[in-house]
Amino acid sequence: MGQQLDYLVDQVLAQLEKRLGEMSGNASAAQGSAINPAGAERKTGTKAGSRAESVAESNAEHKAEGKTESDAERQFPSQAESTAESSSIEAVQTPLTADASASRAQIPHPKWQEGLQELLESTPARIGVWRTGVRPLTKTMLQLRRDHAAAVDAVYGEVDQAILEAFSLFSVETQYDNIENYLKRPDMGRIINEEGVRLIEERCQKRPQVQIIVSDGLSASAVDANLRDVLPSLYDSLKSYGLSWGTPFFVKGGRVASMDHIGEILQPEVLVLLIGERPGLVTAHSMSAYMCYRPRKGMVESERTVISNIHRQGTSPVEAGAHIGTILSKMLEQKASGVKLVL
């Protein structure tokens with residue numbers, strides 16, 4: 001969806017720039033025909049002429065945006081619809097490449113092109129976006145608002161029930177009660193409620209070698225985006241190491257430390273929690289895998305091992321699932337996790 005929106009934004013801006021070029025060309029032609037015959041350009045209109053040229057050359061985009069807002073409103077529906085109908089599938093399925101970072105650069109004439117390219121390739125952060133006057137370009141603002149909306153949706157959204165059913169994950173809840181409490185009272189997301197404890201005790205295998213838990217955390221979108229790749233890969237990895245696992249389930253409104261309470265209930269040897277991370281403006285689909293050996297209440301954070309940034313532009317979900325299995329096997333061999341674990 002993000003690539004599709006980027007594609008649509010590019011198409012709209014391309015049309016705006018084209019329209020601007022046509023308008024500027026017409027304006028220049030009209031101005032030239034009015035000034036040149038009279039020979040008054042240098043004699044009477046120096047300041048006005050130079051200012052007009054400066055606006056046309058260095059602040060053309062600023063001028064264009066001011067003039068073409070109404071044009072955009074008129075042109076956007078037809079352009080967007082035709083573009084979406086003709087090539088939306090290709091746009092969504094186009095993978096990110098190294099060239100994609102170069103296309104993010106908006107600086108017209110960078111003094112160090114190679115350095116800028118290197119920086120762009122090193123991070124998906126919003127750099128090299130240029131500006132118009134004292135504000136960002138319209139394209140940058142549209143992308144910023146889109147990413148902010150995606151982050152809000154990730155926090156307040158819910159995991160697709162179809163995904164949980166696909167992996168036979170039953171749901172329990174913490175004591176978070178509602179999303180506002182979840183945000184303001186992290187402690188309420190660390191304790192499973194009474195109904196959840198009863199379900200876990202009834203449905204789950206006790207004292208498993210590996211216990212797998214999934215939680216929405218602060219990004220339901222992360223679970224939707226990554227679980228279909230991470231979980232099968234993790235299962236395959238555990239099989240390859242000859243490890244067994246208990247009954248996986250989903251924790252709604254869970255915090256990382258909820259693994260301690262669950263550890264007290266089920267007493268697994270190792271536990272892995274796949275949880276949606278706090279969304280940012282680069283991605284709202286980031287998932288982390290927290291792991292620990294013999295989880296229990298009172299664990300300190302240094303006893304947890306974590307793989308973070310699991311998403312399409314970070315750690316590949318498929319590779320992350322395989323790597324999690326490797327780490328869990330080392331935890332069982334060394335009977336340790338966190339800073340005590342030697343990887």
Side-chain angles (χ1 to χ4, degrees), residues 159-172 200 203-252 254-263 265-277 283 285-295 299 303-338 341-343:
V159 173
D160 186 356
Q161 189 63 30
I163 294 178
L164 302 182
E165 293 175 357
F167 291 105
S168 301
L169 301 177
F170 72 91
S171 297
V172 300
I200 292 173
R203 299 191 181 189
C204 292
Q205 174 189 340
K206 303 293 173 52
R207 296 183 179 82
Q209 192 172 29
V210 177
Q211 178 63 50
I212 301 172
I213 304 169
V214 180
S215 179
D216 47 3
L218 282 165
S219 175
S221 301
V223 177
D224 290 347
N226 300 299
L227 193 63
R228 291 186 189 278
D229 292 326
V230 173
L231 210 47
S233 176
L234 174 58
Y235 288 154
D236 289 342
S237 180
L238 294 177
K239 287 179 183 176
S240 68
Y241 286 104
L243 303 179
S244 62
W245 60 90
T247 312
F249 59 93
F250 174 73
V251 179
K252 186 175 182 180
R255 292 278 181 175
V256 172
S258 64
M259 58 201 303
D260 300 350
H261 189 195
I262 296 169
I265 299 170
L266 296 179
Q267 298 182 356
E269 288 191 66
V270 292
L271 186 148
V272 55
L273 171 64
L274 303 172
I275 187 169
E277 282 289 7
T283 180
H285 298 159
S286 181
M287 172 184 277
S288 287
Y290 288 84
M291 296 160 276
C292 61
Y293 179 75
R294 295 198 182 282
M299 287 194 72
E303 293 182 272
R304 306 188 206 277
T305 300
V306 61
I307 299 176
S308 59
N309 277 320
I310 302 173
H311 56 90
R312 190 162 50 90
Q313 294 173 276
T315 301
S316 165
V318 174
E319 293 181 5
H323 190 46
I324 291 168
T326 301
I327 292 178
L328 292 175
S329 69
K330 290 186 177 182
M331 285 183 178
L332 291 168
E333 291 174 2
Q334 301 177 28
K335 301 185 183 303
S337 60
L341 182 67
V342 179
L343 296 175

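Fair warning: this is a prediction, and the values are worked out from it, not measured in the lab. Note: hydrogens, waters and symmetry copies are ignored here, and every other heavy atom, side chains too, is used. Residue numbers count from 1 along this sequence.
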Between [X] (side chain only) and [Y] (backbone N and O only), is there a donor and an acceptor less than 3.5 Å apart?
X	Y	answer
Thr315	Ile310	no
Ser237	Leu234	no
Ser215	Val251	yes
Gln209	Ser244	yes
Ser337	Cys292	no

List for me each residue that meets side chain to side chain donor-acceptor pair (under 3.5 Å) alongside [X], sequence neighbours excluded, and say none if there are none.
X	result
Asp260	Arg304
Thr326	Tyr241
Ser168	none
Ser316	none

Problem set entry | Whether over 12 other heavy atoms sit under 6.0 Å from Gln161 CD | yes

Is there a side-chain contact between [X] and [Y] in this structure, where contact means two heavy atoms from C-beta onward sitting under 4.5 Å apart?
X	Y	value
Cys204	Phe249	yes
Val342	Gln334	yes
Leu227	Val159	no
Tyr293	Lys335	yes

Problem set entry | Over-ring placement of Arg203 relative to Phe170, 6.0 Å and 45° cut-offs | yes

Nearest 0.5 Å, what's the [atom1]-[atom2] distance between [X] and [Y]?
X	Y	atom1	atom2	result
Asn226	His285	CG	NE2	8.0 Å
Ser288	Leu218	OG	CG	11.0 Å
Met291	Met331	CE	CE	5.0 Å
Ser258	Ile275	OG	CD1	6.0 Å
Phe250	Ile212	CZ	CD1	15.5 Å

Show me, pair by pair, the donor-acceptor contacts under 3.5 angstrom made by side chains of residues 266-273, not counting sequence neighbours?
from: Gln267; atom 1: OE1; to: Arg207; atom 2: NE; distance (Å): 3.3
from: Gln267; atom 1: OE1; to: Arg207; atom 2: NH2; distance (Å): 3.2

Exercise. Can you name the residues that form a salt bridge (Lys or Arg N to Asp or Glu O under 4.0 Å) with Glu277, not counting sequence neighbours?
Worked result: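 So Glu277 forms no salt bridge (Lys or Arg N to Asp or Glu O under 4.0 Å) with any residue.
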
Which heavy atom of [X] sits nearest a heavy atom of [Y], and at what distance?
X	Y	result
Arg228	Ala166	NH1-CB, 4.2 Å
Gly246	Gln211	CA-OE1, 4.3 Å
Ala222	Ser286	CB-O, 3.3 Å
Gly338	Thr305	N-OG1, 2.8 Å

Exercise. Do Thr247 and Gln205 get their side chains close enough for a donor-acceptor pair, meaning under 3.5 Å?
Worked result: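 Looking only at side-chain atoms, Gln205 and Thr247 do not form any donor-acceptor pair under 3.5 Å.
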
Seminar exercise, completed: Partner of Leu274 under side chain to side chain contact (heavy atoms under 4.5 Å, CB included), picked from Ile324, Val223, Ile307, is Ile324

